[in-house]
Amino acid sequence: MPFIPHTPDDIAAMLATIGVDSIEALFDEIPADLRVGAPALNAIPNALSEMEITRLMQARARTDGQPLCFIGAGAYEHHIPAAVWQIATRGEFYSAYTPYQAEASQGTLQLLYEFQSMMTALTGLDASNASLYDGASALAEAVLMAVRANRQTKSQRVLIPRALHPAYRRTLRAIIEPQGLELVEVDFDPRGGHTPVERLEAAAGSEECAAVVINQPNFFGILEAVDELTDWAHAHKALAIAVVNPVALALLSPPGDWGAKGADIACGEAQPLGMPLSSGGPYAGFLCCKQEYVRQLPGRIVGRTLDLDGKPGFTLTLQAREQHIRRGKATSNICTNQGLLVTAATIHMALLGAEGLERVAANCHANTRRLGELLGAIPGVEPLFERPVFHELALRLPAPTAELLRSLAAEDILGGFDLGPDYPELDPALLVCATEMRTEDELRRYADTLARLIATPVTSSSGQVSQV
Amino acid sequence: MPFIPHTPDDIAAMLATIGVDSIEALFDEIPADLRVGAPALNAIPNALSEMEITRLMQARARTDGQPLCFIGAGAYEHHIPAAVWQIATRGEFYSAYTPYQAEASQGTLQLLYEFQSMMTALTGLDASNASLYDGASALAEAVLMAVRANRQTKSQRVLIPRALHPAYRRTLRAIIEPQGLELVEVDFDPRGGHTPVERLEAAAGSEECAAVVINQPNFFGILEAVDELTDWAHAHKALAIAVVNPVALALLSPPGDWGAKGADIACGEAQPLGMPLSSGGPYAGFLCCKQEYVRQLPGRIVGRTLDLDGKPGFTLTLQAREQHIRRGKATSNICTNQGLLVTAATIHMALLGAEGLERVAANCHANTRRLGELLGAIPGVEPLFERPVFHELALRLPAPTAELLRSLAAEDILGGFDLGPDYPELDPALLVCATEMRTEDELRRYADTLARLIATPVTSSSGQVSQV
Amino acid sequence: MLIQEQSRTGRRATAQAPLHSPEVADIPEGLRRRARPALPEVSEMQAVRHYTRLSQQNFSIDTHFYPLGSCTMKYNPRACNSLAMLPGFLGRHPLAPETHGQGLLACLFDLQEILKAVTGMHAVSLAPSAGAQGEFAGVAMIRAYHRARGDHARTEILVPDAAHGTNPASAVMCGFKVREIPTGSDGDVDLDALRAAVGPQTAGIMLTNPSTVGVFDRNIQAIAQAVHAAGGLLYYDGANLNAILGQVRPGDMGFDVIHMNLHKTFSTPHGGGGPGAGPVGVSKRLEPYLPVPLVAHEDAGYLWLTESDRPESIGRLTAFGGNMGILLRAYIYARLIGREGMGRVAEFATLNANYLLARLQEAGFEAAYPERRASHEFIVTLKREAREFGVNTMDFAKRLLDYGYHAPTTYFPLLVPECLLIEPTETESKEDLDGFVAAMTAIRHEAQETPEQVKGAPHSLPVRRLDDVRAARQLDLAWTPGASEDAHG
Amino acid sequence: MLIQEQSRTGRRATAQAPLHSPEVADIPEGLRRRARPALPEVSEMQAVRHYTRLSQQNFSIDTHFYPLGSCTMKYNPRACNSLAMLPGFLGRHPLAPETHGQGLLACLFDLQEILKAVTGMHAVSLAPSAGAQGEFAGVAMIRAYHRARGDHARTEILVPDAAHGTNPASAVMCGFKVREIPTGSDGDVDLDALRAAVGPQTAGIMLTNPSTVGVFDRNIQAIAQAVHAAGGLLYYDGANLNAILGQVRPGDMGFDVIHMNLHKTFSTPHGGGGPGAGPVGVSKRLEPYLPVPLVAHEDAGYLWLTESDRPESIGRLTAFGGNMGILLRAYIYARLIGREGMGRVAEFATLNANYLLARLQEAGFEAAYPERRASHEFIVTLKREAREFGVNTMDFAKRLLDYGYHAPTTYFPLLVPECLLIEPTETESKEDLDGFVAAMTAIRHEAQETPEQVKGAPHSLPVRRLDDVRAARQLDLAWTPGASEDAHG
């Protein structure tokens, strides 16, 4: 009986104490016709020993390979210090529950307070929650929060740039649409790739908006004129919601400094702060805001307080916002944070520090720039937009993107994100990223391979995949 | 400055406190002509970041591959529960020093006491030390100990079976020879593969011996008649030293039960108890003995005692035997144990328990037996000896062993240990082992490959190896 | 001391960042940061030491018995962690092609199949990131179902008064009104009240069974019949699935949609508050609405189904479709316990709960529902102790910490006064349960003899009882440079 | 409670062993075990919880400042651990062919080269498993050298009185007699005594420089000259190499053979007492005697050199030739700090030691060698405190534990009364050193005002001061079934 400690003697003694004959008798209040028959569970395989499941999982993990990755598009392959996960997976962090009993959870609570402090430092805002599911759902919470928090307008409309990650736009829609909010997409400038104020103006029309979402850098890696966009939002009674990459913030102006008054809310994906790519999750979304909106902030929040002896300590606070107290009137239904990931992110930021993060950002940027040079030297490959970029680069291709990506993948190179399906007007186009992990040799390997593929187009393979 | 926390301000303040101008001044007592010049260190490469060393080590580790292993010969590929090293590498175990300050080291000390208790349970002896470097050096210490401890004879001679691991015999020689002890090798029976009492008799001749080394199973996997051998030793004033595999002890008679009085000392390699193969180390030797010899036992020993309040606690004990107290008169120069490995072994044994270890042993045995059947079906391949074996099997081959092994390795199969170089009279012969980790498919893959190689001999490759 | 307070200008864990720092002059000056953010500047050892020591201030499953009702704090097998963190899984980019993901996809597909079988549902999506997101997805599917049928009148979700707070919150997030149904004195839902409440405005009901009062609702079939007859759907809150795993299936009870908390029933780590994973299962009629992505299996191999394959889907709940690393852990756990192990989970969770209840009753504690079998959890009310000794449930809870036991869930569900909701789980041994009874007994003795000792608890932890009111009134949510002295003064 | 005391018959961590148990009837009955060994029968969670909690009872570098003289307790980078444990390295069988070991061998070869360069020796063997085994190997090589020259008269090894106990013990294990050389009042070896002691019977001298009294012997060249002139060889005990790394090389000082403690200078983990690694370096004339295996590099790749390649070798010290996993960690560390980092180790270890000494002297503590520069460590004598307050060095040491500092080395070297040998290492920050001074100062205040508090220390650890005499007299070295009640009674 894996993970069950009961000996035959234990079972007998326990049944005797309860006063029943068998464990089966403990289920006697359940209508008998509901009890499941063994055949119903036949689809579940028999137990494996740890040795057997280890063999199986190792084989499957090997199948997925370790290709050379030039995809960014919202998830970034950064170096993660060895200390990060060695500490984060310590049992005391890994197997602890939500710190409801604060006195028995000071480790987690203090760490969350430190995380909040780091995120406010990075974003330049006053308050941070202790994380949400991921960047996209954090944006959805940010939008809901902005609509609730905006006292200048009752508008339920929110402007979002088309140059925002397509998956973020989809997630936003799925989460906020049942509440009747309206999303208005703002197109980007076809030459610059940025979102000009004029486009905001046009999209907004004459109606008020509750919030404007500003993405820096945007999905194409293009740097937006965030000061103007923020000021426009404030001038139009809208709150400004920043969607930012926390590593980029080591170099770029923090949302709290945008425009005359600063963005009101900042959110984004914390994955670049020490979380493995892991096929998309678990990651962690972060959400920060100005002090005046803190009681509208969803998710867990940790505060510093004092104990009976006047000694400082940490506790979950503002719980009156949360579902377990406020039920249907809560700021959100959320009742977890991504504790383990935040543990990793906090240790990661402590190890990197501001200068370390800045170096990571600068190296990513330089590597992507260098990749742009190398790929740009291939006939027919050229930058899609002319404005300055950060850390990510959109390229026009001389051949169908999907086919090229398939051929690259066959050589264990993940060439980037195909922009065509989401932005048909840009097709064939590719979004590439080279983090600090990529070496010059790897950049050249990519460029040489792509050059060869473009020069000698091959019949695409059948796309068959092998089974495990 | 990796791993050095000093800021420029710190350095300035510290130098001021000391009253010197520069760090360089702190070396002013060292004769100037001895100071090393920079060029002397040129062979040392520049620092790498953790990201860079990670890339390098991953590439090198990949180079070594993960071939299918049928080598045993003193190191065994067993399943290691995931919990073992996740706990053993916790900072509090991993980065702790020798528990000289007992009160601040109860974790390590209690664990060592538990280890000692487990080893005495396995060997059936009274006392255990807290480990030595490895099995071979533990045997050397056991032999030195036996010679010191034997009060019935002043003999400096020790009988060792030729069917003992060749590397153990070499290690033994290297360590004890400078002290003037004499090793007498006892041949094995060419048909049975065992070490008969008559051979002991013949090797001993008319002179007394201080100790007899008894290996169960022996290097060929053959089960020795340990009761008779132990009784012979005792009848001839010699101490009986058992060399045993701790996993085998889950099934086989413990040294404490051998013969009428039991072996006096037992030692061996603890690697099978949760230690990765790791190219040969770090492993851990164990050494147990009867109560009467405990003050001759080398290495660290932990005892249970009481604190000032009468509460039980653990401490290093019998330190008067050790070099830091007794200096030149110590039982050994040893001043470490293999703490981290013992941590792993203790957790491993706690997780497996007696029944678990027994299952491991039985599965290894059954797998090796099955491998014997499959390989034995190949024309020209047959068991080398006729006596019962445990867990390891010696085979006669119809073709040169080294060449076959090379060809197998080229197909990522490590076919076993070539017996020829150490036992020329057996050549061509192979020692194979299939632990519980091997599946039926893998056994068949080996047998099929070997059958093919034997049927169609190929020109051996140049033996070239690729560089990293 | 905070890591920020250990910071010294110019200190760094040098090995952790690139050794060279290239120029970034191509980034316009006006978009660049003017001052470095106030992140800690510490050495690698300082960070390691700080967080290692912080960790030791936590209670956790790996160190303590954690009988926290409704949270299913059972052992998280260590192999689940190490195998889910194999480099092939960890290093895989979410947008890598399926050719480079057959290993992962095989695990996810198998997990879908296992969850279908053990819940009796027709189809499963692994996308939701936690229980609450699963609830949202479930209610959103109910909404989508009615809307697809043009049935726009169904604006109301029924929720028992004992329900988890997430239930009403999730219903509201999907645009529904919430109507509470009372619980009867026997712990089952008040069936008459339910029948009176259902109608053409009823979109569905959200239930957990066994309920949060720790009993299996014996009228579940009648409830299902009543709701279905009114055109509503039944939502199963999987928070208590551990109680019935392999014994009764929500699908067989008549539920149309269900979420599972893998971090409870499938033993993935709680991680100090997350991540969770909240897959949803549905009956056939709700299948088109499942959140994407889903994993399918064709001859060519495993593949993702996304928005384009599932046009009626309620959509995408996170950018990349789920907490893969958690799903892998749940899959490994499921394979380790296997088919027979599923039923054993419920058996021994139930045995432990009933044994612990019996022992506590013997010791003089009062069960909230003494006539009922406990499921995997049960409620003890300390109202007598509160009245007689002036020592309340929170005091008991805090004092338990001193005895080395994490407190059970306190003051939930709201309908039982001074209550402790106790869930021992199947992975605790009889000795641990006996130890807990001994501690409870000792604390009651203290409550009588030396009540201040209990009211002042905890005494042996890094801090004594914390002032939550102060925390909420004098908000201190982030350290800022220069503020240290005040805070610690 | 011991893990054995948690054992219950029939309990098991089921997932950890094969699920099927084949017959082993072919093993003769008489050779089979009659009864199962009394190993613990516990669940997986019990084992995890037990050892996790046990670990928390340790001080360690990852949790505490550890100024333990002569032990070089510096930070062990976490990357060294994870990278040495990559599957390709961990899974490699020691007898796997070189074709399946080029990655490992490349690391070992590079490490040999780095150690040669930083010590100034001609050749290096990585084989010895720890410092003491390195010493044995070194002395065995000295023995082999003289014997190879037919010089059988050299039966004596000189050892300063301040030497580590391993020095004389290792010399004796190699069959030598040991002759002690006194240390002068200035901390240097008494040169006259040395000159009087050397002669045709001198096989060599074993020295560490800086010595165990924490000073660099200024006469090292004269010592080398005297010993060499008499036909003896110089052995360098690498225990204190951290003090001079990249600043002075033993080879340049005239040493013929040296061992290095990688678990000190190269920051491999101490692991609660091991494993260590004690590579030896030699001058050209001793090269033939190096222990095997060695790693060589030829055009075809890296390969092992073993007994057959090195017929004059002193042989093999362990079955498989060394603590590979530790050597890998040391290699990774060496690459992380790089060429410049080598010299910085000594610089900042020395800076920290001299700063700490200066601060302690300011605070009124007495240095054993006040006229000398500290090397990486130094000695404080508490003889005044012992005389005036009746509180001895051990009391100070135990009380430091209460303050969260591991005690320095006590009562070593033997020649300084009531001594603390203090080595802060280069990885501790100024704040930590200042904290230690504050604790020492506070304890001295306590020694004066409330001496019982110091003498009764520690007060805040899992146990109070343990009775070592009882431990040695009433030997209790192993739990046996049935003995629990007595022991804990």
Side-chain angles (χ1 to χ4, degrees), chain A residues 5 10 14 23 26 43-44 46-47 50 57 60-61 63-64 81 91-92 94-98 103-104 106-108 117 120-121 133-134 136 167 170 174 178 276 279-282 303-305 307-308 313 315 317 323-324 327-328 330 333 336 338-340 350-351 354 356 359 363 366 465 468, chain C residues 13 16-18 22 36-39 47 54-55 57-62 79 83 86 88 90 92 94 103 106 117 129-130 132 165 168-170 172 174-175 178 269-275 301 315-316 318-320 323-324 338-339 347 350 355 429-430 461 463-464 466 470-471 476 478-479:
Chain A
D10 289 340
M14 293 169 83
I23 294 177
L26 300 175
I44 305 173
N46 281 329
E50 188 179 300
M57 296 304 285
R60 287 185 171 176
T63 304
D64 291 355
E92 299 96 319
Y94 186 79
S95 75
Y97 193 64
T98 303
E103 298 84 357
Q106 287 295 296
T108 287
S117 305
T120 56
Y133 303 130
D134 81 329
R170 288 194 200 102
S279 287
R304 180 152 60 172
T305 183
D307 78 356
L308 276 180
T315 187
T317 193
Q323 47 72 31
H324 64 283
R327 306 180 69 85
N333 71 336
T336 46
Q338 301 286 93
L340 193 60
L351 284 166
R359 284 175 179 234
N363 277 274
V465 287
V468 177
Chain C
Q16 296 306 341
R36 280 196 177 141
L39 296 182
L54 268 195
S55 78
Q57 299 196 9
N58 272 357
F59 276 36
S60 67
I61 284 294
D62 279 9
L83 298 178
L86 287 168
L90 276 197
R92 187 177 175 279
S129 296
S170 299
V172 168
C174 288
V178 172
H270 284 78
R316 179 172 290 269
T318 55
F320 299 115
N323 285 340
M324 306 306 168
R339 187 192 308 138
E347 284 172 8
T350 303
Y355 172 74
S429 69
K430 178 173 175 295
L461 297 184
V463 290
R464 294 194 55 210
L466 289 162
R470 179 192 167 98
D476 173 0
W479 174 89

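Letters A, B, ... are given to chains in the order of the sequence lines, protein chains preceding strands, and every chain is numbered from 1. Quick note: numbers below take in every heavy atom, side chains included, and nothing from hydrogens, waters or symmetry partners.
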Between the side chain of A:Arg60 and the main-chain N/O of A:Thr63, is any donor-acceptor distance below 3.5 Å?
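Not at all, since once roles are kept as given, no pair shorter than 3.5 Å links the two residues.
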Donor-acceptor contact present, side-chain A:Glu92 to main-chain C:Gln57, <3.5 Å
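Such a contact is absent between A:Glu92 side chain and C:Gln57 backbone.
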When heavy-atom pairs shorter than 4.5 Å are enumerated against chain A, which of C:Ala47, C:Ala319, C:Gly315 gives the highest number?
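Most heavy-atom pairs within the cutoff with chain A belong to C:Ala319.
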Option in C:Pro168, C:Ala38, C:Ala130 with maximal non-hydrogen atom pairs under 4.5 Å from chain A:
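The candidate making the most pairs under 4.5 Å is C:Pro168.
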Quick one: of [options], who has the most non-hydrogen atom pairs under 4.5 Å with chain C?
options	result
A:Gly339, A:Pro178, A:Ala354	A:Pro178
A:Ala43, A:Gly280, A:Ser95	A:Ser95
A:Pro282, A:Gly356, A:Gly303, A:Ala350	A:Pro282
A:Leu26, A:Thr98, A:Thr315, A:Thr108	A:Leu26
A:Thr317, A:Ile44, A:Leu340	A:Ile44
A:Pro81, A:Ala136, A:Gly313	A:Pro81

At their closest point, which heavy atom of C:Arg464 faces which heavy atom of A:Leu308, and how far apart are they?
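Heavy-atom minimum between the residues: NH2-CD1, 3.5 Å.
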Structural part of C:Val178 lying under 4.5 Å from a heavy atom of chain A:
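For C:Val178, no heavy atom lies under 4.5 Å from chain A.
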Proximity breakdown for A:Ile23 and chain C, heavy-atom pairs closer than 4.5 Å:
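Interface part for A:Ile23: side chain.
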